[in-house]
Number of protein chains: 2
Amino acid sequence: MANIKDIAKRAGVSVTTVSRVLNNHPYVREDKREAVLQAMEEFNYQRNINAVHLSKGETLLIGVVVPFTNHPYFGLLVEGVANEAMKNNYKLVLFQSNYEEEREIEALKMLQHKQIDSLIICSRICGWEVISQFTGYGPIVFCEDARSQNVSSTFIDHYMTFTNALEYLHNKGHQKIGYCIGRRSGANSRQRGKAYADFLSRIGESYNEEYIFYECLNFEHGEEVVQRLLNMDNPPSALLVTSDFAAAGTVTSCREKGIRIPEDLAIMGFDNQPIAKIMHITTLEIPLVQMGKKLLLQAIDSESRTHEEVSVKLIERQTV
Amino acid sequence: MANIKDIAKRAGVSVTTVSRVLNNHPYVREDKREAVLQAMEEFNYQRNINAVHLSKGETLLIGVVVPFTNHPYFGLLVEGVANEAMKNNYKLVLFQSNYEEEREIEALKMLQHKQIDSLIICSRICGWEVISQFTGYGPIVFCEDARSQNVSSTFIDHYMTFTNALEYLHNKGHQKIGYCIGRRSGANSRQRGKAYADFLSRIGESYNEEYIFYECLNFEHGEEVVQRLLNMDNPPSALLVTSDFAAAGTVTSCREKGIRIPEDLAIMGFDNQPIAKIMHITTLEIPLVQMGKKLLLQAIDSESRTHEEVSVKLIERQTV
DNA sequence: TCTTGCTATGAAATGCGTTTCATAAATTAA
DNA sequence: TTAATTTATGAAACGCATTTCATAGCAAGA
């Protein structure tokens, strides 16, 4: 394959001039520019991106760490990131972590090695003490409240959101409220857990471990929830389900088992995915695509560290 | 940041020796190896990946083109690719094409520029005359029958599969059968369309454009299908829905509208996603994760071009 | 003792584009 | 007309690791 030198020779100019043409720098006489372009055409010249990267020290590649790629929550988030990346001429390198710390570290190391320019971590696993070792290598952006860290973040105030949701159910007359969540650990889960505990003590209910359902990520997990519900002596009358798909699964399974919604069980979803609309699920709208966009913009801004809070909106439908 | 030269100087050896240590080449005396390792430790040496790429002419990056990232079909497929990529020390560069030809070409150009080592195209848009211009730059792997092309592929015989599914419904007593599909064009859609037309003429039914539903990708599209069904004078008695999520949406919507399944309408899904199991949807199991794995293995095999046919399995449940 | 062959090591070439620096030529301002 | 700019261009340095080639030392086999 022809390289810049061949083009220069062919066009009768220096490599510098070719580079100027390549990068649209000024100060190239029109006839020389033409000659260069023609030579490139003639040799079907392709510039070696790796040489460009080496030279410029940047790759136009941005890493995105998600626990799963085939989850609707991260699907929408990544879609938002991907759309904005496209607009800004960046490409995405996808890391599926499966919530394994090692995978996240691999991504951080790619940042360190400058194989990617920045890194977006959608659901952090590593502790901050690990993350902080890498902050010097490029922007790291989080999808959680990271205001105390030297990184950028786009986040939702999960404590407040969860509190509001619980209050809403309480105002609708529910006293026994449970919730379904994706994972036990994680900053977001912790915030929600705290909001839940605080809420319970405020309304004078005791904390019932049985009312919390973990690993509720997808449609299919709704079935397990209902199964456990059926085995309870004193089941909750309302459930906050932190994923519309899990909520939809729960609703579907309830219908099958003859549990009336919202009479026997009120269900509130999260995200406002299309499925929630179709199934008339009351939910909290989280602007995932918009968040993805913000995340990417923060990722490509290597100058400043910013924190953006995004607010959610209650969508009232028929399951509460 | 320290480079290989600094390390060499510090360890009192040549850069070649450092490179040997770096790449586990033989012929380095133990004490020198130690010295190099220590120097690397001391300077917290990170090798410049871009220099490695430039030098080696490879990137350990594989591109994956999907129309949407947040679609369960591609979600599972990419998961399969991602898992296998991890095992083989490759990373993925994700291209969301939105079925725009230009996006696919961008990916092909990255292959051409050697920014990625190979490319997996999950749902081709460009014509073969375009693709063939890029086959010389690295392996391009397709998720469709591409036996006639100089590329690798992992595919399903959609003609046969669709035919079998139609026969199955026919054997169950259905004469008026319609189908829902993602997009109008595309190799797979065409194969299915042909199977459908051939089937109709075989059973002596006339082709009814109304019985074909396009843009059926997700749960929410099921509702539209049912809406259209309700407006028909002579609706089909069975529907082949080429996505379990769309099938699930259809089932849900039918229940809401009082259409009994399978009595009034038989529904057969595709993929055997978890949602199909929960909702007892009869479906055709497509081993997406396994296909993803095969795709990746083909992508990293730069020597040979192979074609692997994958077979599907009928999962009988309650919607037919 | 003389080959042959392996072990060990480094200099230099290679991959390729960008950017800095120096210089020359052409304008514009004074 | 001279000084100050602006325009135009190229040589060389730079980013950095890999790999080829040459060489030297040493051991085993003939």
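Each chain gets a letter, A, B and so on, in the order the sequences are listed, and its residues count up from 1.
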Can you figure out which of [options] approaches the side chain of [X] most closely?
X     : options                : answer
B:V15 : C:dA8, D:dA11, D:dT18  : D:dT18
B:I4  : C:dC16, D:dT18, D:dG10 : D:dT18
B:N48 : C:dT18, D:dA11, D:dC16 : D:dC16

Atom pair distance, as rounded to whole Å: [atom1] in [X] and [atom2] in [N]:
X      : N      : atom1 : atom2 : result
B:H25  : C:dC6  : NE2   : C1'   : 17 Å
A:Y27  : D:dT6  : OH    : P     : 8 Å
B:I49  : C:dG15 : CD1   : C1'   : 16 Å
A:K56  : D:dG15 : NZ    : C1'   : 13 Å
B:Q115 : C:dG17 : CD    : P     : 14 Å
B:E58  : D:dT19 : CD    : C1'   : 14 Å
B:H53  : C:dG15 : NE2   : C1'   : 14 Å
A:L54  : D:dA17 : CG    : C1'   : 9 Å

First of B:P26 and A:V52 reached from the 5' end of DNA chain C, by closest nucleotide: B:P26
Let me spell it out: for each of B:G12 and A:L22, pick the nucleotide of DNA chain C with the closest heavy atom. Which residue's pick is nearer the 5' end? B:G12
Pick base, sugar-phosphate or nothing for [X], based on heavy-atom distances below 4.0 Å to the nucleic acid.
X     : answer
A:V28 : sugar-phosphate
B:S19 : base
A:N50 : nothing

Is it true that A:R10 and A:E42 make a salt bridge, defined as a side-chain N closer than 4.0 Å to a carboxylate O? yes
SB check B:R124 B:E144 (cutoff 4.0 Å): yes
A:Q46-A:N44 side chain donor-acceptor pair, cut-off 3.5 Å: yes
Among all residues two or more places apart in sequence or in another chain, which pass the side chain to side chain contact (heavy atoms under 4.5 Å, CB included) test with A:K91? A:L61, A:N89, B:V93, B:F95, B:E106, B:M110
Tell me if the aromatic rings of B:F68 and B:Y99 count as close, with their centers under 6.0 Å from one another. yes
Go through the N and O atoms of the side chain of A:T17 and the base of D:dA8, and report whether any donor-acceptor pair is under 3.5 Å. no
Answer yes or no: side-chain N or O of B:R20 and base N or O of C:dG10 forming a donor-acceptor pair under 3.5 Å. yes
Quick check on [N]: is either OP1 or OP2 less than 4.0 Å from any side-chain nitrogen or oxygen of [X]?
X     : N      : result
A:R47 : C:dC16 : no
B:K32 : C:dT9  : yes
B:R29 : C:dT7  : no
A:S55 : C:dG17 : no
A:N23 : C:dT18 : yes

Counting only heavy atoms not in B:E30, do more than 12 sit closer than 6.0 Å to its CD atom? yes
